[in-house]
Amino acid sequence: MKAKYFSIDDNDMAKVLNNFNISEPKNKDFGDLSTNVSMVLAPVLRENPLVIARTIKEDIISNWDEVDSITIEKPGFINFNFKDSFIREELKKIITEKECFGFNKSGQGTRIQLEYVSSNPTGSLHIGHGRWGVLGDSLANIYSANGYNVFREYYVNDYGAQIKNFANCVKCLYLRHFNIEIPYPEDGYPEASVSIVVGKIIDKHDDKFILHGNENNIVDAAALEEEAVKLMVSHIMDTLSSIGVVFDRWFYEKDLYKDSNFEKVIGKLRDKNVIYEKDGALWFKSSEFGDDKDRVVVRSDGNPTYFASDILYLINKIERGFGTLIYILGADHHGYVKRLKAVGKALGIDEGRIAVVIGQLVRIIKSGKVLKMSRRKGKVYTLRDLILEVGKDSVRYFFCMNSFDTPMDFDIDLAKKRSNQNPVYYVQYTHARIESIIRKIKSSTDTDIDNFNLDEINISEMEFKTKTERDLAKAMIMYPDVIYNSCKNNSPYFVTQYLYKLASEFHYFYNHYRIITKNKVNLNRLALLLLIKIVLKNALKMLNISAPEKM
RNA sequence: GUCCCUGUAGCUCAGGUGGAUAGAGCACAGGAUUCCUAAUCCUGGUGUCGGCAGUUCGAGUCUGCCCAGGGACACCA
């Protein structure tokens, strides 16, 4: 049998390594961990999986110090339990690592840039932007926790046709305020939303942008545009920061065109022979690199397209030395993925360095009905409205609750409920309850909780007197895995799911066992409680959701 | 027409690399508090995993085709 291990050729070995797993079984009764390795080996070794399982059990797993009670089940699963001593060793890490418990170094300091939201500064953020913002921010936290060197960036489109259009709308409404009528742009933005910006400009600057005594040129359009963009960006910044979404850099599109950078890049692309002229426009040969068709870089009127900026920005990111670039885009932008990757390929950038996360769209549900958005009339339920209505914690939790692949419905009524129907409260209540117990210990027992030093707890002597306590301990030591996996899968919702599970186990524990009985504290359980508090806080911090002392 | 996403319990959704009896929450019904916050806990689940084929020891998971819903397909951004 042993000889057979060595007779596996590389091909089969790869297959085995790819397919075998060791994980928590769906059904807890099977044990703490389970592996399918013998079933994966069976076809390769041409041996009954049960026989292989027995060999592995005897020769390998039984030698592991961490493991207790190994069993073999039907098709060939090997199930085993952790020794309590192993769980205790893992628990010690919570005390030594504290707020860093759960972190790992798998990212090896790779510099990684995340770009998200990047909404045009021509209007308020909508609900979807909130989802990308929260997703991006949480993901950034998770990557950091996995040892990456993370940089968060918002790309401001302050260049091109859309911004000109916006500027014209602003100009028109601004002049109208001073009784100068010019026609409102036909494809202009809704007046209702533009007028908010214009109102602010007038409050701040009054008629500063009016050029007096000049018949042909009545307004300083460039300065007005600059001010309008500035106000919009700061409005967006305020909204996002109110839910904890902050950036290391706000990157302005205009900067890409400084110092004739554009001409230089076009020159480079020409040298690489990936660009050509047709119908008076300049085209990029994206179809040669996996896109459906070639794309225009410079229009026949001489203006660069948005795609041109994409190219410049991509090159800029690479030149700044980021190892991996993550783009978080809404589903309405998925068409860009192919051309973006095409540019990467054309420039010889390793494919794995450009990752695109496509998030599906969000609908608002209010009183059981889909809230209809009428952009034209400017009657939009904005992100700011949502934040004001349900609050930061609910916004963050709800946006992290689902896989981003799922189009999501945001149920406003649910998010506002202060009851067990609302998962945010359920999770936060756990923390508040722990704090409450601590207060109680302080006020009505002789245990000196203020000087109760976790470092002094002798975890090695901790006992798991009930299955509940052991399960709680086990749930806690699984937390680092959650952080690792949620990074690997770009899925912050693993953390929300974990939080809910941990909260649920805690509430069960709380309802069935007492920490304080007749003014005496059960120190074993108190220790467990304080450990949960740390893990809970860490997980909440990963999603930037508050851990309240009281509720 | 082409491309992307989705289809799992009444509703909202998990089901990370195929694995054991497909799971949570909500809703609904009943129960629990002399005692640390009842914003809690306990009990109650027969589902054509959208459909049909295929791959294999094994498919909700992989492949193909079909059906349904959402989104994207500009010298707009």
Side-chain angles (χ1 to χ4, degrees), chain A residues 17-21 23 25-27 29-30 34 36 39-40 42-43 49 73-77 79 119-120 122 157 159-163 165 187 253 278-283 292-293 295-301 303-307 309-310 330-338 358-361 363 365 368 401-409 411 414 417-426 428-430 432-441 443-445 485-486 488-489 491 493-494 497 500-501 503-504 506-518 521 529 550-551:
Chain A
L17 288 175
N18 273 329
N19 291 321
F20 108 93
N21 68 45
S23 59
K26 281 179 191 168
N27 187 338
D29 297 338
F30 288 121
S34 172
N36 65 349
M39 264 107 73
V40 176
E73 294 294 336
K74 274 199 294 197
F77 289 102
N79 303 320
S119 168
N120 290 357
T122 54
N157 304 112
Y159 189 82
Q162 290 300 322
I163 207 80
N165 182 6
D187 312 325
E253 185 180 5
K278 194 182 96 186
D279 306 331
L282 210 57
W283 297 71
D292 305 326
K293 53 182 173 183
R295 307 284 173 180
V296 172
V297 181
V298 181
R299 287 189 279 265
S300 48
D301 65 5
N303 286 315
T305 58
Y306 180 76
F307 178 52
S309 299
D310 278 344
D332 51 343
H333 280 74
H334 93 266
Y336 289 98
V337 180
K338 277 186 181 172
I358 297 290
Q360 297 300 309
L361 302 172
R363 292 190 307 180
I365 308 290
M401 221 161 39
N402 303 108
S403 157
F404 49 80
D405 272 340
T406 313
M408 90 169 266
D409 289 338
D411 187 335
L414 177 61
K417 269 187 192 151
R418 304 174 72 78
S419 78
N420 59 348
Q421 297 168 343
N422 187 342
V424 191
Y425 285 93
Y426 184 84
Q428 289 185 318
Y429 186 43
T430 310
R433 260 187 162 169
I434 294 173
E435 289 291 348
S436 162
I437 295 167
I438 291 171
R439 280 194 296 273
K440 187 78 183 178
I441 290 174
S443 67
S444 64
T445 73
N485 286 328
S486 79
K488 239 180 137 185
N489 294 288
S491 297
Y493 76 89
F494 287 7
Q497 281 184 351
Y500 200 93
K501 202 183 135 210
S504 155
F506 168 80
H507 286 313
Y508 180 92
F509 172 66
Y510 178 91
N511 269 278
H512 289 80
Y513 304 97
R514 296 193 58 79
I515 291 92
I516 309 165
T517 344
K518 289 178 184 152
V521 179
L529 211 67
K550 258 185 195 174
M551 285 174 78

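Because only heavy atoms are used, hydrogens play no part in the values below, and waters and symmetry mates are left out as well, while side chains stay in. A note on names: the letters A, B, ... follow the listed sequences, proteins ahead of strands, and every chain is numbered from 1.
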Just call it for Y510(A): base, sugar-phosphate, or nothing, with non-hydrogen atoms closer than 4.0 Å on any strand. base
When the C1' atoms of rC67(B) and rG51(B) are considered, how many whole Å apart are they? 7 Å
At 4.0 Å (heavy atoms only), tell me whether S403(A) reaches a base, stays on the sugar-phosphate, or touches nothing. sugar-phosphate
Near R363(A) CZ, under 6.0 Å, is it more than 12 heavy atoms from other residues, nucleotides or ligands? no
For the base of rA72(B), is there a side-chain donor-acceptor partner from D292(A) under 3.5 Å away? no
Going by atom types only, do S309(A) and E253(A) share a side-chain donor-acceptor pair under 3.5 Å? yes
For a quick check of understanding: with a heavy-atom distance under 4.0 Å over all strands, which category does D279(A) fall into, base, sugar-phosphate or nothing? base
Scan every strand shown for a Watson-Crick or G-U wobble partner of rG18(B), both distances under 3.5 Å, and answer none if you come up empty. none
Report which part of the nucleic acid Y508(A) touches: base, sugar-phosphate, or nothing (heavy-atom distance under 4.0 Å, all strands). sugar-phosphate
Categorize A281(A) for me: base, sugar-phosphate, or nothing, with a 4.0 angstrom heavy-atom threshold over every strand shown. base
Looking across every strand, which nucleic acid part, if any, lies under 4.0 Å from D310(A) by heavy atom: base, sugar-phosphate, or nothing? nothing
At under 4.0 Å between heavy atoms, what does H334(A) touch on the DNA or RNA strands: base, sugar-phosphate, or nothing? base
What nucleic acid atoms does H333(A) come within less than 4.0 Å of, heavy atoms only: base, sugar-phosphate, or nothing? base
Whom does rG7(B) pair with, Watson-Crick or G-U wobble, provided both distances fall under 3.5 Å? rC67(B)
T406(A) (side chain) and rC13(B) (base): donor-acceptor pair under 3.5 Å: no
What is the nucleic acid contact for N489(A), judged by heavy atoms within less than 4.0 Å: base, sugar-phosphate only, or nothing? base
Which is true for I516(A) with a 4.0 Å heavy-atom rule: it touches a base, it touches only sugar-phosphate, or it touches nothing? base
For F509(A) and I515(A) the tightest heavy-atom approach is CE2-CD1, 4.2 Å
Check the angle between the aromatic planes of Y500(A) and Y426(A) and answer parallel, tilted or perpendicular using the 30° and 60° thresholds. parallel
Answer for the Watson-Crick or wobble partner of rU48(B), both distances under 3.5 Å, is none
Who does rC13(B) pair with, Watson-Crick or G-U, both distances under 3.5 Å? rG23(B)
Provide the Watson-Crick or G-U wobble partner of rU43(B), both distances under 3.5 Å; none if there is no partner. rA29(B)
Indicate, with a heavy-atom threshold strictly under 4.0 Å, whether N485(A) touches base, sugar-phosphate, or nothing. base
Between rG70(B) and R363(A), is there an OP1 or OP2 to side-chain N/O distance shorter than 4.0 Å? no
What's K550(A) touching, base or sugar-phosphate or nothing? Going by heavy atoms closer than 4.0 Å. base
Measuring to OP1 and OP2 of rA38(B), would you say a side-chain N or O of Y425(A) lies under 4.0 angstrom away? no
Quick one: is Y493(A) getting a side-chain N or O under 4.0 Å of the rG15(B) phosphate, OP1 or OP2? yes
With C1' as the reference atom in both, quote the distance from rC42(B) to rU46(B) in angstrom, rounded to an integer. 24 Å
Which whole number of Å gives the distance between the C1' atom of rG30(B) and that of rU21(B)? 26 Å
Rounded to whole Å, CZ of F506(A) lies from P of rC42(B) at a distance of 13 Å
Would you say S444(A)'s side chain and I441(A)'s backbone share a donor-acceptor pair under 3.5 angstrom? no
Looking at rU2(B), which nucleotide sits across from it as a Watson-Crick or G-U wobble partner, both distances under 3.5 angstrom, or is there none? rA72(B)
For V297(A), does its backbone N or O pair with a side-chain atom of T305(A) as donor and acceptor, under 3.5 Å? yes
Under 4.0 Å between any heavy atoms, over every strand shown, what does F404(A) touch: base, sugar-phosphate, or nothing? Just pick one. nothing
Taking OP1 and OP2 of rC76(B), is either one under 4.0 Å from a side-chain nitrogen or oxygen of R299(A)? yes
Donor-acceptor pair, side chain of D279(A) and main chain of A281(A), under 3.5 angstrom: no
